[in-house]
Amino acid sequence: MHPVAYRIETPRLVVRCWSPDDAPKAKKAEDESRESLRAFMPWADRAPETLTEVIEKLRQFRSWFDAGEDFLFGAFDKASGDVVGGTGLHPRVGKGGLEIGYWVHAGHHRKGIATEMAGALTRVAFELGRMRWVEIRCATKNVASAGVPPKLGFTHEATLRERLTLPSGEVDDALVFTLLARDYDASPAKRIAFTALDAAGRDLS
Ligand SMILES: CC(C)(COP(=O)(O)OP(=O)(O)OC[C@H]1O[C@@H](n2cnc3c(N)ncnc32)[C@H](O)[C@@H]1OP(=O)(O)O)[C@@H](O)C(=O)NCCC(=O)NCCS
């Protein structure tokens, strides 16, 4: 994806490439949110990571980001600087497309944070990455996650039967929501205010 947005600002958030020195804040947010994340996020269902493990994880995220392999972002409250969630643009769905993933701190649910993060990344994918489509996948049982893409104009395109194994071991169908480039201009995603900056802080948007 070129150019690469290292920092995205929305009305309430700074969504930026993770850095290893975010580890204390990231660990705090993850530990505080573990109970609400563990049903659908396999990493949250494992034992809490040590600070050293979180540093190593963020180093890995950062190296993927710099190498253009995968793009994981922390979402920080603009006013306090606290971690309010994490999100990502994942090229794993094939050339011309990106998948968006997200989680939100348990203390910030139902305030539109996931919608704001995913909307901003949708804008980055289409306006900077020139993608043909953006998709969001979630388990059928994940009612909260499935509520996000329709708010941004994504269409429920497919249900992949028995494609997911949840952390509990239960097998679930996967919902695939898609927004095509040709439908982007009319979508609510395009109305999410954002500024995207490159690694040197230059405005890309
Ligand atoms: C899924 C998740 C990211 C949603 O974050 P959020 O910031 O609370 O979501 P939003 O406030 O943007 O909600 C958008 C819409 O989703 C739906 N929604 C969100 N949470 C919901 C809930 N608990 N129950 C039912 N619908 C819900 C609603 O339609 C909502 O719109 P509304 O508030 O105007 O009715 C959050 O619940 C979370 O972190 N869950 C655990 C991790 C996870 O499952 N990640 C996704 C993996 S695919």
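Every number for a ligand or one of its atoms is a count from 1 in the order of the listing. Throughout, residue positions are numbered sequentially from 1 according to the sequence presented. Scope of the values below: all heavy atoms of this structure, side chains included, with no hydrogens, waters or symmetry mates.
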Write none if no such pair exists; otherwise list each N/O atom of ligand 1 with its protein N/O partner under 3.5 Å and the distance.
residue, atom, partner, partner atom, Å
ligand 1, 7 (O), Ile113, N, 3.4
ligand 1, 7 (O), Ala114, N, 2.9
ligand 1, 8 (O), Arg110, N, 2.7
ligand 1, 11 (O), Lys111, N, 3.4
ligand 1, 11 (O), Gly112, N, 2.7
ligand 1, 12 (O), Thr115, N, 3.1
ligand 1, 12 (O), Thr115, OG1, 2.6
ligand 1, 16 (O), Ala144, O, 3.4
ligand 1, 31 (O), Lys151, NZ, 3.3
ligand 1, 33 (O), Arg110, NE, 2.9
ligand 1, 34 (O), Lys151, NZ, 2.5
ligand 1, 35 (O), Arg110, NH2, 3.1
ligand 1, 39 (O), Val104, N, 2.8
ligand 1, 39 (O), Val104, O, 3.4
ligand 1, 44 (O), Asn142, ND2, 2.7
ligand 1, 45 (N), Tyr102, O, 2.8

Report yes if the distance between the aromatic ring centroids of Phe76 and Trp18 is under 6.0 Å, otherwise no.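 Ring centres of Trp18 and Phe76 closer than 6.0 Å.
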Strictly under 6.0 Å, is that where the ring centroids of Phe65 and Phe73 end up?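 Here the rings of Phe73 and Phe65 have centres that are less than 6.0 Å from each other.
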Under a plain distance cut-off of 3.5 Å, with no hydrogens placed, do Ser63 and Asp66 share a side-chain donor-acceptor pair?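 Side-chain D/A pair, Asp66 to Ser63: absent.
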Is Glu53 salt-bridged to Lys57, going by a charged N under 4.0 Å from an acidic O?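 No.
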salt_bridge(Glu30, Lys27) N-O dist < 4.0 Å: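 Salt bridge: no.
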Which atom of Met131 lies closest to which atom of Ala181, heavy atoms considered: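 In terms of heavy atoms, the two residues are closest at O-CB, 3.5 Å.
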